[in-house]
Amino acid sequence: MGYSYDDQNIFAKILRGEIPNTTVLETEHSLAFRDLYPKAPTHVLVIPKGPYVSYDHFAAEASEAEIVDYTRAIGEVCRCEGVDLPAGDGFRLISNAGEHGVQEVPHLHVHILGGRPMGRMVPKAD
Ligand code: AMP
């Protein structure tokens with residue numbers, strides 16, 4: 001079964017300019033903008049411009065140019081935000097997918113979180 005992309009999701013609307021965003025970086029194939037409800041001093045979302053639901057979808061179907069652009073955009077945002085190593089104190093990348101990943105917006109995004117210690121990665125299982 002193939003991946004199914006809903007073009008009414010909120011990040012698709014941001015890409016079409018239908019709703020505003022606070023852009024941090026825009027490249028040929030990627031857009032980075034501030035999370036509307038930041039969970040840390042640095043909380044930036046990086047999305048590909050193409051219609052990909054999740055990281056696995058992107059890895060399977062994106063072109064090499066899109067993958068290189070996206071990977072470098074994530075690194076560039078870390079540098080711009082001053083959380084990159086060794087200059088800064090580090091960061092966490094999170095990409096939620098599907099029901100078990102608790103993904104709210106079905107357009108691939110990486111969260112870049114930093115500016116404070118981020119704590120445990122996930123709660124321990126019972
Ligand atoms: P996820 O649970 O990984 O799908 O995360 C979706 C993220 O999108 C959440 O952190 C929200 O705070 C964020 N978000 C939702 N709507 C917007 C918006 N219009 N602009 C920026 N971030 C948003």
Side-chain angles (χ1 to χ4, degrees):
M1 202 180 81
Y3 295 95
S4 147
Y5 180 80
D6 169 15
D7 69 3
Q8 292 307 305
N9 78 76
I10 202 147
F11 295 167
K13 292 180 180 178
I14 285 177
L15 284 168
R16 290 194 295 267
E18 293 168 11
I19 60 171
N21 74 94
T22 306
T23 298
V24 172
L25 177 74
E26 181 166 11
T27 64
E28 184 179 1
H29 295 296
S30 309
L31 180 70
F33 53 93
R34 299 205 182 278
D35 196 292
L36 201 53
Y37 306 102
K39 312 291 189 303
T42 289
H43 190 171
V44 176
L45 303 173
V46 190
I47 66 174
K49 291 181 177 175
Y52 304 104
V53 175
S54 57
Y55 199 91
D56 53 308
H57 185 194
F58 184 69
E61 296 187 6
S63 68
E64 291 187 11
E66 290 176 300
I67 291 170
V68 169
D69 181 297
Y70 189 58
T71 303
R72 295 215 190 281
I74 293 167
E76 182 62 20
V77 171
C78 291
R79 276 187 291 282
C80 293
E81 293 292 305
V83 298
D84 62 311
L85 298 179
D89 292 324
F91 55 88
R92 179 168 295 163
L93 294 185
I94 298 175
S95 190
N96 299 316
E99 187 184 341
H100 282 194
V102 194
Q103 181 179 13
E104 291 170 25
V105 181
H107 182 114
L108 169 60
H109 50 286
V110 165
H111 298 253
I112 301 175
L113 293 152
R116 68 166 171 81
M118 297 310 303
R120 294 187 71 87
M121 188 166 64
V122 290
K124 276 187 177 170
D126 292 330

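Whatever order the structure lists ligands and atoms in, that order sets their numbers, starting from 1. The chain is numbered in sequence order, starting from 1. Hydrogens, waters and symmetry mates play no part in the numbers below; they use all other heavy atoms, side chains included.
Between Tyr37 and His43, the distance separating the two ring centers is not shorter than 6.0 angstrom. The aromatic ring centroids of His107 and His109 lie 6.0 Å or more from each other.
For the pair Asp35 and ligand 1, the shortest N or O to N or O distance falls below 3.5 Å. Of the polar atoms of Val105, at least one N or O is found under 3.5 Å from an N or O of ligand 1, judged by distance alone.
Considering only residues two or more places apart in sequence or on other chains, Ala60 meets the side-chain contact (heavy atoms from CB on, under 4.5 Å) condition with none of them.
Taking a distance limit of 4.0 Å, we find that atom 23 (C) of ligand 1 is approached by some protein heavy atom.
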Problem set entry | CA sep, side-chain torsions, deciding dist, call: His111, Asn96, side-chain contact (heavy atoms from CB on, under 4.5 Å) | CA-CA 9 Å; His111 298 253; Asn96 299 316; 3.9 Å; yes

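The atoms of ligand 1 that sit less than 4.0 Å from any heavy atom of Arg34 are 21 (C). Ligand-side atoms of ligand 1 in range of Gln103: 4 (O), range being under 4.0 angstrom from any heavy atom. The contact set between ligand 1 and Val102, taken as ligand atoms under 4.0 Å from a residue heavy atom, comprises 2 (O). Within the listing of ligand 1, atoms 1 (P), 3 (O), 5 (O), 7 (C), 10 (O) sit less than 4.0 angstrom from a heavy atom of His111. Listed by number with element, the atoms of ligand 1 under 4.0 angstrom from any heavy atom of Asn96 are 1 (P), 2 (O), 3 (O).
Selection from Ile14, Leu36, Ile10 by nearest heavy atom to atom 21 (C) of ligand 1 gives Leu36.
With values rounded to the nearest 0.5 angstrom, Asp69 atom CG is found 3.0 Å from Thr27 atom OG1.
Looking only at protein heavy atoms, the nearest one to atom 1 (P) of ligand 1 is His109 NE2, 3.1 Å. Protein heavy atom in closest approach to atom 4 (O) of ligand 1: Glu104 N, 2.7 Å. In terms of protein heavy-atom proximity, atom 8 (O) of ligand 1 is closest to Phe11 CZ, 3.5 Å.
Each ring pair (Phe, Tyr, Trp, His ring centres under 6.0 Å) pair with one or both residues in residues 72-94, not counting sequence neighbours, would appear here, but there are none.
The environment of OH in Tyr55 is sparse: at most 12 heavy-atom neighbours from other residues, nucleotides or ligands sit within 6.0 Å. The environment of Arg116 atom CZ is dense: over 12 non-hydrogen atoms of other residues, nucleotides or ligands sit within 6.0 angstrom.
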